[in-house]
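Start at 1 and go down the list; that is how both ligands and their atoms are numbered.
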Amino acid sequence: MKAIVLVGGEGTRLRPLTLTTPKPLLPIANIPFLERQLSWLASFGVTEAVLSMGYLPDAFKEHFVGDRFGDMRLRYAVEEKPLGTAGGIRFAAEGITERVVVCNGDVLTALDLGAMVAFHEDRKAQASIYLCRVDDPSMFGVVPTRDDGEVIGFIEKPPRDQAPTNWINAGTYVLEPEVFDRIPTRVNVSIERETFPRMVETRGALYAFPYDGYWLDIGTPEKYLQAHTDILRGDLGEPPTQSATEASPGIWVEAGATIDPSANLHAPVLIGAGATIGAGATIDNSVVGPNANIADRAILRRAVVHRNARVGEHSEVADSVVGAEAQIESSTSCVDVTLVGAQARVLRGTQVSAGRVAAEGQ
Ligand code: GDD
Ligand code: MG
């Protein structure tokens with residue numbers, strides 16, 4: 001089976017992290033999000049994926065050397081200007097004449113894709129949409145259905161009091177090639193606002209598969225942090241990374257990490273390969289990236305520190321993200337959903353709350 005993964009968004013809500021690294025390549029518990037998604041697709045027999053993109057395309061091509069990910073073949077469909085979700089699919093599907101799975105490139109899920117494809121075949125649908133249930137559907141595509149799953153409406157991001165159901169578009173579709181023909185070429189088209197709402201008018205064409213397992217859109221700072229806690233806790237039903245070992249319950253350590261015996265580790269924690277944790281440091285519900293350095297008496301609480309970053313002595317990072325190679329100097333604090341971009345510096349003694357700190361020139 002082939003897949004198209006939509007990775008063309010600019011990830012504006014995660015700036016400045018996404019100024020240098022596109023959202024799908026940001027690490028989630030030390031593994032680039034897209035690698036997690038491609039492994040998930042591969043486990044259901046997907047052998048070829050087209051990455052549908054426009055923003056920072058070279059970052060993807062440089063990441064996947066040889067255009068392969070394991071046994072999966074990768075192709076790149078680079079848009080000159082953003083074509084939207086449906087326009088992007090149409091462009092990426094050039095030359096494909098068979099069924100495809102389409103995924104938003106920012107959704108972490110335990111969906112049973114095999115069961116969804118079986119549902120799609122059983123209904124003889126042209127398109128099937130995976131639905132999950134959320135408390136506040138107003139941030140999503142809201143999808144009311146008949147009892148047999150046939151879609152009767154698709155309302156993208158309605159006002160909260162006007163959502164007819166809590167079941168929302170979870171960002172994975174199974175599409176037959178007829179659907180591509182419904183999308184005009186080379187113009188910006190939204191699958192959520194145009195293609196799906198129109199398909200509702202054709203009886204028997206569009207179905208939805210409800211699945212109540214783990215699901216999270218990682219596209220906001222708060223959800224990006226939450227994804228780490230969830231993966232560390234085992235909510236996806238697997239260890240956080242294949243190479244980490246569980247030193248004690250909920251404390252995961254990768255090869256070559258150096259942890260001072262006086263450091264305080266409170267589960268869940270993941271310490272990346274080659275990272276250093278100094279004397280008296282506190283690491284609580286946090287992820288430390290490969291080769292990162294957490295200095296003596298530094299405190300991390302619900303923090304995510306990317307590779308090669310440094311958090312200086314007596315500094316605190318709480319509910320916040322530190323980008324790759326960033327320098328948090330000593331005696332600083334970054335709290336309350338602060339994002340520090342790759343290679344940025346937070347100067348000694350500075351207090352940042354709910355801030356966005358980018359490297360100079362970004
Ligand atoms: N190729 C391409 N071109 N991809 C794009 C473009 C584009 O012009 N615009 C957005 N994308 C990609 C993004 O990279 C992302 O993977 C996906 O399309 C969805 O875009 P988001 O910006 O993340 O949309 P959203 O999260 O607000 O809403 C979407 O996802 C929700 C579930 O998380 C919609 O599909 C909603 O209906 C859905 O409920
Ligand atoms: Mg999204």
Original post:
When you measure from atom 1 (N) of ligand 1 to each heavy atom in G105, G88, S52, which option holds the nearest one?
Top reply: S52

**OP:** Considering only non-hydrogen protein atoms, determine which one is nearest to atom 22 (O) of ligand 1 and report residue, atom name and distance to 0.1 Å.
**Re:** R13 NH2, 4.1 Å

Original post:
Is there a donor-acceptor contact under 3.5 Å linking the side chains of T109 and Y130?
Top reply: yes

Original post:
What atoms of ligand 1 come closer than 4.0 angstrom to any heavy atom of V7?
Top reply: 14 (O)

**OP:** Run the salt-bridge test on R302 and E222 with the 4.0 Å N-O cut-off and return the result as yes or no.
**Re:** yes

Original post:
Are any of the N or O atoms of A170 closer than 3.5 Å to those of ligand 1?
Top reply: no

Subject >> Ring centres under 6.0 angstrom apart (Y76, F64) >> reply: no

Original post:
Would you call R146 and D148 a salt bridge, taking side-chain N to carboxylate O under 4.0 Å as the test?
Top reply: no

Original post:
Taking atom types as modelled and ignoring hydrogens, do the side chains of D284 and T282 form a donor-acceptor contact shorter than 3.5 angstrom?
Top reply: no

Original post:
Tell me, which N, O or S atom in D217 is closest to the Mg ion (ligand 2)?
Top reply: OD2

Original post:
Would a 4.5 Å heavy-atom cut-off, applied to side chains only, mark L17 and P221 as touching?
Top reply: no

Original post:
In terms of residue, atom name and distance, what is the protein heavy atom nearest to atom 38 (C) of ligand 1?
Top reply: N169 O, 3.2 Å

Original post:
Which residue and non-hydrogen atom of the protein lie closest to atom 8 (O) of ligand 1, and at what distance in Å?
Top reply: G84 N, 2.8 Å

**OP:** Can you sort out which atoms of ligand 1 are near T85, meaning under 4.0 Å from one of its heavy atoms?
**Re:** 18 (O)

Subject >> Neighbour count >12 (heavy atoms, 6.0 Å) for atom CG, D147 >> reply: no

Subject >> Minimum-distance atom from the Mg ion (ligand 2) among N, O or S atoms of D106 >> reply: OD2

Original post:
Any non-hydrogen atom of W215 lying under 4.0 Å from ligand 1?
Top reply: yes

Original post:
Quick one: nearest non-hydrogen protein atom to atom 37 (O) of ligand 1, plus distance?
Top reply: E156 OE1, 2.7 Å

Original post:
Quick one: does G9 get an N or O within less than 3.5 Å of an N or O on ligand 1?
Top reply: yes

Original post:
Applying a 4.0 Å heavy-atom criterion (strictly less than), which segment of I191 is in contact with ligand 1: side chain, backbone, both, or neither?
Top reply: neither

**OP:** Look at R203 together with E150 and state whether they make a salt bridge at an N to O cut-off of under 4.0 Å.
**Re:** yes

Subject >> Atoms in ligand 1 with a heavy atom of F140 nearer than 4.0 Å >> reply: 31 (C), 32 (C), 39 (O)

Original post:
Should F196 be listed as contacting ligand 1, given a heavy-atom distance under 4.0 Å as the test?
Top reply: no

Original post:
Looking at W215 versus F140, is the centre-to-centre ring distance below 6.0 Å?
Top reply: yes

Subject >> Protein contact to atom 4 (N) of ligand 1 [nearest heavy atom, distance to 0.1 Å] >> reply: G8 N, 3.1 Å

**OP:** Please write down residue, atom name and distance for the protein heavy atom closest to atom 35 (O) of ligand 1.
**Re:** E192 OE2, 2.5 Å

**OP:** Please indicate whether any nitrogen or oxygen in L6 is less than 3.5 Å from any nitrogen or oxygen in ligand 1.
**Re:** yes

**OP:** Mark yes or no for whether R198, through its side chain, and R182, through its backbone, hold a donor-acceptor pair below 3.5 Å.
**Re:** no

Subject >> Winner among N104, D106, V5 once heavy atoms are compared against atom 21 (P) of ligand 1 >> reply: D106

Original post:
Can you find a side-chain donor-acceptor pair between R90 and T195 that sits under 3.5 Å?
Top reply: no

Subject >> Reported OH-to-CH2 distance for the pair Y211 and W167, which is rounded to 0.5 angstrom >> reply: 11.0 Å

Original post:
T350 side chain to L347 main-chain N or O, any donor-acceptor pair under 3.5 Å?
Top reply: yes

**OP:** Check each atom of ligand 1 against the heavy atoms of K23 and keep those under 4.0 Å away; list them by number with element.
**Re:** 23 (O)

Subject >> Where ligand 1 meets Y173 - atom numbers and elements under 4.0 angstrom, heavy-atom basis >> reply: 35 (O)

Original post:
To which protein heavy atom is atom 3 (N) of ligand 1 closest, and what is the distance rounded to 0.1 Å?
Top reply: E79 OE1, 3.0 Å

Original post:
Under 4.0 Å from any heavy atom of P82, which atoms of ligand 1 are there?
Top reply: 8 (O)

Original post:
Any N or O of K157 that comes nearer than 3.5 Å to an N or O of ligand 1?
Top reply: yes

**OP:** If you have a sec, work out which protein heavy atom is nearest atom 33 (O) of ligand 1 and how many Å separate them, to one decimal?
**Re:** D217 OD2, 2.7 Å

Subject >> Test item: side-chain donor near acceptor, T332 and S315, under 3.5 Å >> reply: yes

**OP:** Scan side-chain atoms only and decide if S190 and E192 contain a donor-acceptor pair under the 3.5 Å cut-off.
**Re:** yes

**OP:** For M53, counting its heavy atoms only, list the atoms of ligand 1 lying under 4.0 Å from any of them.
**Re:** 1 (N)

